[in-house]
Amino acid sequence: MSTTANNKAGFGSALWDYLTTVDHKKIAILYLVAGMFFFILGGLQAMLIRIQLISPDNEFISAQFYNEVLTMHGTTMIFLAAMPLLFALMNAVLPLQIGARDVAFPFINALGFWLFFFGGIFLNVSWFTGGAPDVGWTAYAPLSLFSEGHGVDYYAIGLQISGIGTLIGGINFIVTVVNMRAPGMTYMRMPLFTWTAFIASVLILFAFPALTVGLFLLTFDRLFGAHFFNPDMGGNVIIWEHLFWIFGHPEVYILILPAFGVFSEVIPTFAKKRLFGYSSMVFATVLIAFLGFMVWAHHMFTVGLGPIANSIFAVATMAIAVPTGIKIFNWLFTLWGGSIRMTSPMVFALGFIPTFTIGGMTGVMLASSAADYQYHDSYFVVAHFHYVIVGGVVLGIFAGLIYWWPKMFGTMLNEKLNHWFFWLFFFGFHLTFFFQHFLGLMGMPRRYWKFLPDQGLDLFNLISTIGAFFMAIGTIVFLYNVVVTQMKNVKVGPDPWDARTLEWAIASPPPFYNFKQLPLVRGLDPLWIEKMENNGRMQPAEPLGDVHMPNNSFVPFVMSLGLFIAGFGVMYQGGMWILAGIGFAITAGSLLYRSIKDDLGYHIHKEDFDKEEGDGSNG
Amino acid sequence: MKGWMSRFKAVFALAVLALILSGCGEPFLSALQPRGDGAEQIFQLMVLSVVIMLFVFVVVMIIYVFVVIKFRRKKGQEDFIPKQTEGNHALETLWTVIPIILLLILAVPTVQYSFEFADVSPETTAEGDELDQIWIDVTGKQYWWHFEYQDLEVSTSQEIYIPTDRKVYLSMISDDVIHSFWVPSIQGKMDVNPTGNRNEMHLHAQEEGVYWGKCAELCGPSHSLMDFKVIAVSPGEFEQWVEEMQEVSEEDVPESETAQDGQELFADNCLACHAVGSSPNKVGPNLTSFADRVNLAGVFEMNEENLFEWIDTKGEDMKPGNLMVDAPYDLNEEEINNIIEYLMTLSPGEINPDSAENGVYQDSDLSGLFPEEEEEGEDSEEEEDGDSEDNGDEEEQESEEDSEEDSEENSDE
């Protein structure tokens, strides 16, 4: 009620609306804006790295600053850019795809965003207070214990705060999928994006606690005199590596599975065919997630775990190639016999297939534990995971953003600019990272501030840097496209792509209550079924009735702010303990407030719907 | 007939691929131009996996190109609705089973080599006799490497000499953070962990040469400057090198007067951390064969100019974060030059990195280094032990004196 009333209001009330919103569609936009901000930040850091490595023995930035930049590039891109951008897509689309009016816990959803956001800001405050973390995004102990200044404290506490946000976000999606599916939307009728988001959320649930534990131990070691990882005091540095990778490997699948989901939506839509081998796609997703928890030690082949452990983890890792291969072939055979439209999301999907195949190839090469002795921690690994994360996740995010842009904003991004963006980015990407495979095998370890002349590494490093500029230009084209599109603000209809799933049955952007009446789902690709067998409109599964909606709340923001403030107190200690007191008091107070004060939401009465007739929503 | 053809094609593809890959990088650094047993085995594994994966990639790309060209929507087909295929069990089984077979092919040598690389038992000769093992204790430190040859009373830093005819065995530990020992052209890498957690590996260089080694685990600001060298020489030259190294003592007096002066200054200012001659692992690199080093501090050109800058600035900008910046010495230009002159005399004998590259091959079974008869062995060990203990004591006393002197100097200042 309040949201529609605010449509024409000023900036202040719009801001207040977003600070207090619990609507999944607005939270998606918050995730998108914050994620893009950090994506650009991480991209700038990447450019610094590539400029430093443009020529041998370069002194563009200092060794210390270089280590800070490479650490923040990795941490930012994984935790603060890729994750939230995927969360943006999940929030925007998942409830619509299963025919729900919102996620299961709208309040928690908002809290998850604000925790992530304040955690990310906390981490980046370190730039201005004596130096960012400088020990790599993996923060291996004991280097992370010996690191001077507060950089690593910012890392541990910042990720702790944003990690809580991610964890509760994941739980929220699990409950949403389990409980909130529309009538007829059985598990095996759920769109693949929902499936992958669901499985990724399960991975979050099991993987993030390992990170939480690791970060707490690291925090205790650094700030409270514990010695979990301090070898001089009987601690064990390898424990950190295990904890980190027990989280870190599933994290890779948390990122890539939703991207797979995006492509599994885009490809059927623009091939005008149902997804080939739907049930094997679901099966492959679950299998990848399951195996994903049993392979973490392949990041540790050179640690000295012994040949038995190495062999087991090598074979387990290779096994993951099988379900991944199943997916690739299923996508290819979805295209087979289809009627392929070369729209920009489809071009991203088509660019993804060969790129990710190469990433998968090098993945199997890396799985070979004996050969990994050469690959490990070299630029070969850098090339591999950029092929997977940029070639898979980032292409997936942009395909999804462009595909669902009309649903999120009601406008269409300029197709021509999108194609320019794709080709610049895609060409630049391969130029940057393809040659890094060879750099690694030619003897260049990763995280190198400098490489020396006369070692045969000059040419490929130069090519790599040139490629990075193409990627940067491509991204600028996309941002320009976003600005121009939103300035023009030309609205499109509910289903501009002639798509197949439920989210396209309602207006773009959807009304705040999503579905006036919950739709009746009659099979996989419900909208397509109605298009083929009916009038192309979803049939309602319930009579028109009152709709229960949650109230907006400022509490999530305040709760997160409290932890943000407390973080400084815990870190600086001494006289700053007062900050910890204040911060924890704010958080505890808002928890208490939330617990005591009943907020039952409100109802939209069915009579009120009449006033909004003609908004394009179904029913 | 068909089987023969495919085998021929596979061999051909392998040969072409090996040619392409081996064109990459410099032979002293590149994993694609193996010069050691381990690197060669890994290279074979690499080629095998690339061939398997290229097969998969080609299959994917053929289907991909075909569908993208063939099934692109043409004009006038806007209303065409393709058949909505649910799936195909035969096809799905096919692309599940074939990858499993391909992976099994790769898994077998992977497991085999994993066990082989971890096997540090002695090599045997054709007659079944066990060869004497050369064990080297490797210590990684921010940002340099220390090597001690077990039972041989030889210590060195930054550059490790190994014979070409046999494996040498490394037992590795870190003094501070995690490092990783990597000589790409000879063998894959192995992490160097702190804690009591020693990692073992072996190196076997097939040809004489000076090979570059690198630290492969982020260890601080100068991580990228933590290079070392593996100098592979013929067994005879190796034996000679060991003998030459064993004879060096920090009390050997250089010829020129300025160098003698430098030696005194060195003793007063540097010996607290550094050592000349066989000595236990110290705070700073062992300088026994300093004048023979290929590079200064692992990465810089070995000349007096660089050395002067290093001593003068304590390497502050040359290797950011290095621990020598905390050294308490304060030397003027002349003193530094004298020390440099002394350091440049630290060349134990005839064997140096040139020996690895001059093409001279001297054979030896290294029996001189491993006395066979037990009595003699024990005697010599006792003697050596006695000597080294004495040396050690002297050094400790000296270093104590040094530090006292240092602190006095400091308090004077």
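Numbers restart at 1 for each chain; the letters A, B, ... are given by sequence-line order, proteins then strands. Just so it is clear, the values below take in all heavy atoms, side chains as well, and ignore hydrogens, waters and symmetry mates.
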Which region of [X], side chain (C-beta onward) or backbone (N, CA, C, O), has a non-hydrogen atom less than 4.5 Å from a non-hydrogen atom of chain B, or is it both or neither?
X: L439(A); result: neither
X: D454(A); result: backbone
X: I328(A); result: side chain
X: M342(A); result: side chain
X: F329(A); result: both
X: D134(A); result: backbone
X: W331(A); result: neither
X: Y278(A); result: backbone
X: Y375(A); result: both
X: A314(A); result: side chain
X: L335(A); result: both
X: A141(A); result: backbone

Salt bridge check: are E59(A) and K450(A) linked by an N-O gap of less than 4.0 Å?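 Salt bridge between E59(A) and K450(A), a charged N being under 4.0 Å from a carboxylate O: yes.
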When you check the gap from the basic side-chain N to the acidic O, do R446(A) and D377(A) get nearer than 4.0 Å?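 Looking at R446(A) and D377(A), the cut-off is met.
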Of all of [options], which one pairs up most often with chain A through heavy atoms under 4.5 Å apart?
options: Q41(B), K214(B), E26(B), Q84(B); value: Q84(B)
options: V111(B), L48(B), L102(B); value: V111(B)
options: D119(B), V192(B), T96(B); value: T96(B)
options: I98(B), I52(B), N88(B); value: N88(B)
options: M190(B), K83(B), H89(B), H223(B); value: H223(B)
options: V68(B), L91(B), L103(B); value: L103(B)

Is the count of non-hydrogen atoms from other residues, nucleotides or ligands lying under 6.0 Å from Q77(B) atom CD greater than 12?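 Enclosed.
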With a 4.5 Å heavy-atom cut-off, do L53(A) and F451(A) have their side chains touching? yes
Considering only heavy atoms from C-beta outward, does the side chain of Q33(B) approach that of S185(B) to under 4.5 Å?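 Contact flag for Q33(B)/S185(B) side chains = no.
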Where on [X] is there a heavy atom nearer than 4.5 Å to chain A: the side chain, the backbone, both, or neither?
X: F115(B); answer: both
X: Q187(B); answer: backbone
X: L45(B); answer: side chain

Assert yes or no for the condition that the ring centre distance of [X] to [Y] is strictly below 6.0 Å.
X: F228(B); Y: W182(B); result: no
X: F244(A); Y: W137(A); result: yes
X: W336(A); Y: F71(B); result: yes

Roughly how far, to the nearest 0.5 Å, is the OG1 atom of T362(A) from the NE2 atom of H437(A)?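 The OG1 atom of T362(A) is 4.5 Å from NE2 of H437(A), to the nearest 0.5 Å.
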Looking only at G306(A), S339(A), P231(A), G304(A), most heavy-atom pairs under 4.5 Å shared with chain B are made by S339(A)
Between Q64(A), Q374(A), M361(A), M442(A), who has the most heavy-atom pairs with chain B when the cutoff is under 4.5 Å? Q374(A)
Check the pair H227(A) / D232(A) against side chain to side chain contact (heavy atoms under 4.5 Å, CB included), numbers first and verdict last. CA-CA 9 Å; H227(A) 299 295; D232(A) 298 333; over 6 Å; no
Going by the rule side chain to side chain contact (heavy atoms under 4.5 Å, CB included), which residues pair with L452(A) if we only count those two or more places apart in sequence or in a different chain?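 In terms of side chain to side chain contact (heavy atoms under 4.5 Å, CB included), with neighbours along the sequence ignored, L452(A) is linked to Q455(A), W212(B), D227(B), V299(B).
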The side chain to side chain contact (heavy atoms under 4.5 Å, CB included) partners of L459(A) (sequence neighbours excluded) come to I463(A)
Where do S280(A) and E92(B) land on the side-chain hydrogen bond (donor to acceptor under 3.5 Å, both in side chains) test, with the steps shown first? CA-CA 8 Å; S280(A) 73; E92(B) 287 172 46; 3.3 Å; yes
Begin with the C-alpha distance, continue with both residues' side-chain angles, and end with the deciding distance and a verdict on side chain to side chain contact (heavy atoms under 4.5 Å, CB included) for C219(B) and Y143(B). CA-CA 8 Å; C219(B) 57; Y143(B) 306 99; 3.9 Å; yes
